[in-house]
Amino acid sequence: MRNKMQYILKKLLMMIPMVLFITFLIYWGLELTPGDAVSHMIPPDQMANMDPAQLEALRESLGMNDPFLVRYFRWLGQLLHGNFGYSMTSGVPIKDILKDLFPATLELSFAALVISTVLGSVLGVLSALKKGSIGDNALTVFGMIGVSIPQFFFGMLMILLFALNWKVLPIGGRMAPGETGVWAHFRYLILPACVLGISLTAGVMRYARSSMLDTMNKDYIKTARAKGLPEWRVNLVHGFRVAMTPVVVLVGFRLPTLIGGSVVIETIFQWPGIGNAFKTAVTGQNYPLVMMIALFSVLAVLCASFLVDVLTAIIDPRVKLE
């Protein structure tokens with residue numbers, strides 16, 4: 001237990017300088033964007049009629065003439081107090097925007113992650129246990145096709161079939177006005193979650209198959225068979241547990257990338273999440289919102305890396321907590 005706590009504490013302490021470095025890069029990128037806070041606050045037509053001395057006085061009052069490091073640590077302090085700035089297009093606090101959009105993206109990402117993990121792990125293990133069979137070859141071809149098909153094409157194909165031709169599922173959105181209930185909401189989630197999840201299944205399946213094949217050739221698996229253990233016990237208890245370690249790493253890193261990278265799926269299905277907002281912010285040159293979404297995406301990757309290290313050490317008995 002003591003080794004586990006020391007291991008977790010060490011990983012947490014290592015994240016502090018990484019977070020500071022990332023926030024520095026994000027703020028530096030915000031500094032390189034065109035304009036400044038004053039130009040973002042005042043409409044262009046109003047700024048054109050203002051006295052340059054007034055603009056300079058306003059910049060001085062906001063501390064914009066201070067040295068770069070002073071402004072950076074002031075901005076960092078505001079982040080720690082929950083002040084993420086304001087949207088350039090709407091003037092709404094970015095904290096409120098993220099609070100409204102994050103649950104929708106987390107819901108979609110988690111549903112897609114569950115679909116891809118369960119389906120990919122099961123198919124990958126079955127393919128490894130039936131190596132060389134017709135089923136194994138068919139799943140291998142399926143995996144290659146799944147990796148090759150672009151998400152936008154797969155999404156539009158599903159919309160064409162299930163929403164336009166068969167009319168069994170809605171085209172997009174998260175919930176229509178006036179609709180209530182779990183099933184009504186679930187109908188809107190099915191298509192985007194399945195498209196995103198199935199597009200990720202092929203990668204998980206290939207990882208699970210390769211890892212399972214490698215694990216089944218290990219000496220301790222041969223020893224377990226030599227002891228007369230049932231084949232199902234050898235495969236599931238001794239083989240599957242260790243073979244899932246690379247899959248856990250893959251899944252752990254996919255959740256944060258899904259949160260910040262589901263731009264295509266959210267755009268196609270008009271899902272009101274962070275990915276769709278990120279695309280709108282980029283096209284509208286809403287730099288503060290773009291930077292904050294990028295910052296949260298990177299921080300999510302760091303947190304996922306920490307959780308993956310801990311879970312890997314717990315799942316795989318060969319990993320030492322040192």
Side-chain angles (χ1 to χ4, degrees), residues 101-102 104-124 127 135-174 186-211 246-247 249-286 289-290 293-294 296-298 300-301 304:
L101 299 179
F102 187 75
T105 297
L106 187 62
E107 178 186 23
L108 175 61
S109 301
F110 184 75
L113 198 65
V114 170
I115 293 173
S116 62
T117 303
V118 174
L119 192 60
S121 299
V122 171
L123 294 179
S127 180
D136 177 33
N137 295 331
L139 289 175
T140 302
V141 174
F142 164 76
M144 296 177 62
I145 295 176
V147 172
S148 304
I149 296 179
Q151 287 185 350
F152 73 90
F153 176 78
F154 188 33
M156 291 188 294
L157 181 62
M158 294 298 102
I159 290 176
L160 179 64
L161 292 177
F162 291 95
L164 298 179
N165 289 347
W166 299 336
K167 302 183 184 303
V168 294
L169 293 173
I171 295 178
R174 195 181 181 197
F186 184 70
R187 290 178 63 248
Y188 286 87
L189 179 63
I190 291 177
L191 267 186
C194 287
V195 170
L196 187 57
I198 293 176
S199 64
L200 299 174
T201 297
V204 177
M205 185 185 71
R206 293 173 63 183
Y207 264 82
R209 181 183 184 276
S210 177
S211 180
V247 178
V249 175
L250 176 67
V251 171
F253 280 113
R254 271 190 170 174
L255 180 58
T257 56
L258 281 174
I259 292 176
S262 55
V263 179
V264 175
I265 298 300
E266 290 189 3
T267 302
I268 292 176
F269 291 96
Q270 292 301 300
W271 188 262
I274 290 179
N276 197 9
F278 184 78
K279 186 265 299 182
T280 305
V282 171
T283 55
Q285 298 181 343
N286 192 351
L289 182 57
V290 171
I293 293 178
F296 272 89
S297 299
V298 176
V301 172

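Quantities reported herein were computed from a predicted structural model and do not represent experimental measurements.
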side-chain contact (heavy atoms from CB on, under 4.5 Å) between Asn276 and Trp271, worked out: CA-CA 7 Å; Asn276 197 9; Trp271 188 262; over 6 Å; no
Shortest non-hydrogen contact between Ala111 and Leu189, atoms and distance: CB-CD2, 4.3 Å
For Gly124 against Ala208, the heavy-atom pair lying closest together: CA-CB, 4.0 Å
More than 12 heavy atoms of other groups within 6.0 Å of Arg206 CZ: no
Distance, nearest 0.5 Å, that separates CG of Leu161 from CG of Leu169: 11.0 Å
Separation of Asn165 CG from Phe162 CZ (nearest 0.5 Å): 10.5 Å
Minimum heavy-atom distance Gly275-Glu266, with the two atoms named: N-OE1, 2.8 Å
Nearest non-hydrogen partners of Val247 and Ser121, listed with the distance: CG1-OG, 3.8 Å
CG-CD1 distance between Leu289 and Ile274, expressed to the nearest 0.5 angstrom: 9.0 Å
Side-chain (Thr117) to main-chain (Val114) donor-acceptor, under 3.5 angstrom: no
Which atom of Gly197 lies closest to which atom of Ser116, heavy atoms considered: O-CB, 3.3 Å
Worked verdict on Leu108 versus Phe269 for side-chain contact (heavy atoms from CB on, under 4.5 Å): CA-CA 11 Å; Leu108 175 61; Phe269 291 96; over 6 Å; no
From Lys279 atom NZ to Ile293 atom CD1, the distance as rounded to the nearest 0.5 Å: 12.0 Å
N/O donor-acceptor pair under 3.5 Å between Ser199 side chain and Leu196 backbone: yes
Met144, CE: over 12 other non-hydrogen atoms inside 6.0 angstrom: no
Separation between OG1 of Thr201 and CG of Leu139, rounded to the nearest 0.5 Å: 11.5 Å
Result of checking Val204, Asp136, Leu123 against Arg209 for side chain to side chain contact (heavy atoms under 4.5 Å, CB included): Asp136
Donor-acceptor pair, side chain of Arg254 and main chain of Leu200, under 3.5 angstrom: yes
Nearest heavy-atom neighbours spanning Ala163 and Ile171: CB-CG1, 3.7 Å
Euclidean distance, Phe154 CZ relative to Ile198 CD1, rounded to 0.5 Å: 4.5 Å
